[in-house]
Amino acid sequence: MKRLAFFISTFDLMRTLVLLLLLLISIGISSCKTEVDKGKLLAKVNEAELYTADLDFLFKNEIMSKADSAEVSQSYIDNWVQKQILSQEALHNERIDQEEINRKTESFKNDLLVMEMEQLLVSERLDTAVSDKEISAYYEKHKDDFQLNDYLVKVLYIKVAVDAPDLDKVSSWYKLSKETDVAELDVYAKIYAKNYYYDEENWIYFDDLLKEIPLQDVNKDRFIMKQSKTRFEDGGYYYFLNVIDYKLKNTISPLNFEKENIRERIINVRVKELREEIKNEIISKAYEQNAVTIY
């Protein structure tokens with residue numbers, strides 16, 4: 001019986017040693033796997049380490065050339081090193097209240113989580129369709145918000161090289177004296193124009209027009225209000241400009257010019273209201289489920 005008991009205890013010991021060995025091997029394999037998963041060590045500041053796997057998020061949704069990805073990676077590594085140096089120095093500064101930093105960090109984390117959650121829920125529930133009726137109603141109610149800071153104009157302009165053919169015809173067409181002039185210009189512009197614009201329905205800012213046309217030494221107020229027609233040469237090109245209509249600055253901007261702006265405003269209001277609605281729903285649900293206890 002003693003020999004049997006000895007055999008059993010020896011067997012238990014052997015089994016325990018085998019299990020321990022298997023556990024150590026498993027831990028070793030797991031550790032090696034973790035090391036492999038991290039990829040190449042890119043930088044180290046004291047005990048803090050940065051691996052290639054830590055940079056994967058940079059290229060998750062981006063398609064870059066090798067040169068671009070290398071530049072982005074190097075920039076991230078440089079920033080990471082600098083932040084580690086500074087944060088580690090701050091961490092060991094005894095005059096800094098680390099507990100207060102932790103409280104702020106936790107508060108920021110919670111705010112970020114809530115913001116991400118709201119953004120997801122809003123994107124799922126947001127109605128982005130805005131009718132013309134809603135846009136008109138908003139415009140009438142908020143007209144004072146649409147004061148013009150600059151002139152709006154409807155214009156025709158065309159830019160052609162000085163050696164382009166039939167410039168004398170262009171000089172006549174751009175004045176829009178005849179019903180057929182626009183059709184003639186459209187055909188000509190497709191072949192010879194460096195730049196061409198004509199839209200009798202929509203307004204543009206006159207200052208935006210000046211980014212395309214080097215109009216100099218003119219009195220802007222007089223030029224626009226006279227609905228001027230002008231032709232001039234600059235830098236190897238002829239410019240033909242016809243001011244068809246205008247809206248005075250410091251007056252109310254027309255509805256068709258503000259449509260997209262108003263649409264964005266209406267959607268922003270909806271987003272704000274949805275965020276508040278979602279927040280109230282979640283808070284109310286927590287109270288209804290008795291998840292809140294205030295002592």
Side-chain angles (χ1 to χ4, degrees), residues 9-126 268 271-272 274-276 278-283 285-287 289-295:
S9 61
T10 304
F11 176 79
D12 288 339
L13 179 61
M14 290 291 290
R15 184 174 64 177
T16 302
L17 289 173
V18 169
L19 290 173
L20 182 60
L21 180 61
L22 288 172
L23 178 63
L24 290 172
I25 292 172
S26 175
I27 292 172
I29 292 173
S30 175
S31 174
C32 289
K33 185 177 179 182
T34 303
E35 286 291 325
V36 171
D37 287 345
K38 285 184 177 181
K40 180 183 175 184
L41 180 64
L42 299 173
K44 185 174 181 180
V45 179
N46 293 320
E47 299 304 314
E49 296 177 335
L50 181 71
Y51 291 85
T52 51
D54 297 321
L55 273 63
D56 287 347
F57 76 96
L58 291 172
F59 313 104
K60 201 170 185 180
N61 299 313
E62 295 285 344
I63 299 175
M64 299 184 188
S65 67
K66 286 186 177 180
D68 288 340
S69 61
E71 185 178 348
V72 169
S73 297
Q74 191 58 54
S75 176
Y76 183 87
I77 293 167
D78 293 341
N79 287 331
W80 181 87
V81 168
Q82 291 176 17
K83 286 181 180 179
Q84 285 297 323
I85 292 170
L86 295 171
S87 61
Q88 289 183 31
E89 178 68 20
L91 188 63
H92 295 97
N93 190 320
E94 295 180 355
R95 291 177 293 175
I96 295 175
D97 187 341
Q98 300 295 337
E99 290 186 6
E100 180 62 21
I101 295 295
N102 290 336
R103 281 194 293 271
K104 289 179 179 178
T105 302
E106 186 66 21
S107 177
F108 177 75
K109 176 185 173 183
N110 290 336
D111 289 342
L112 190 60
L113 283 169
V114 170
M115 184 180 71
E116 288 290 326
M117 177 189 67
E118 287 179 352
Q119 192 167 330
L120 284 170
L121 294 175
V122 165
S123 65
E124 292 171 359
R125 293 163 57 171
L126 180 63
N268 286 338
V271 168
K272 185 177 178 181
L274 257 181
R275 285 186 181 277
E276 194 66 23
I278 288 166
K279 183 175 71 174
N280 291 336
E281 284 177 3
I282 294 172
I283 292 172
K285 184 179 177 181
Y287 276 99
Q289 293 177 344
N290 296 318
V292 179
T293 304
I294 298 176
Y295 298 98

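Worth knowing before you read on, the calculation uses all heavy atoms, side chains too, and leaves out hydrogens, waters and symmetry mates. Nothing fancy with the numbering, it's 1 onward along the sequence.
Screening residues 87-110 for ring pair (Phe, Tyr, Trp, His ring centres under 6.0 Å), with sequence neighbours left out, gives no hits. Residue pairs satisfying the side chain to side chain donor-acceptor pair (under 3.5 Å) criterion with at least one member in residues 102-115, sequence neighbours excluded, are listed as follows: Glu100-Arg103. Listed by first and then second residue, the ring pair (Phe, Tyr, Trp, His ring centres under 6.0 Å) pairs that reach into residues 72-91 are Phe57-Tyr76, sequence neighbours excluded.
Contact between Arg275 and Val122 at its shortest, heavy atoms only, is CG-CG2, 3.9 Å. Contact between Ala43 and Val81 at its shortest, heavy atoms only, is CB-CG2, 3.9 Å. Scanning both residues, Gln98 and Asn93, for their nearest heavy atoms gives NE2-O, 4.1 Å. Scanning all heavy atoms of the two residues, the minimum distance from Gly39 to Tyr51 falls at O-CD2, 3.3 Å.
Within the 4.5 Å cutoff, side-chain heavy atoms of Ile278 are placed close to those of Arg125.
Taking the side-chain contact (heavy atoms from CB on, under 4.5 Å) definition, one finds that Glu94 meets it with nothing, sequence neighbours left out. Applying the side-chain contact (heavy atoms from CB on, under 4.5 Å) test to Leu86 and every residue at least two apart in sequence or in another chain returns nothing. With sequence neighbours excluded, the residues forming a salt bridge (charged side-chain N to carboxylate O under 4.0 Å, His left out) with Lys279 are Glu276, listed by chain and number.
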*Start with the C-alpha distance between Gln82 and Asp78, add both sets of side-chain angles, then the distance that settles side chain to side chain donor-acceptor pair (under 3.5 Å), and finish with yes or no.*
CA-CA 6 Å; Gln82 291 176 17; Asp78 293 341; over 6 Å; no
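In this structure, CG on Leu274 lies 9.5 Å from CG on Leu121, to the nearest 0.5 angstrom. For the atom pair Leu55 CG and Ile77 CD1, the distance stands at 5.5 Å (nearest 0.5 Å). Separation of atoms CG (Leu50) and NZ (Lys44) is listed at 12.5 Å; rounding is to 0.5 Å.
Between the side chain of Ser75 and the backbone N or O of Glu71, no donor-acceptor pair lies under 3.5 Å. The main-chain N or O of Val45 is found under 3.5 Å from a side-chain atom of Gln88 such that the two form a donor-acceptor pair.
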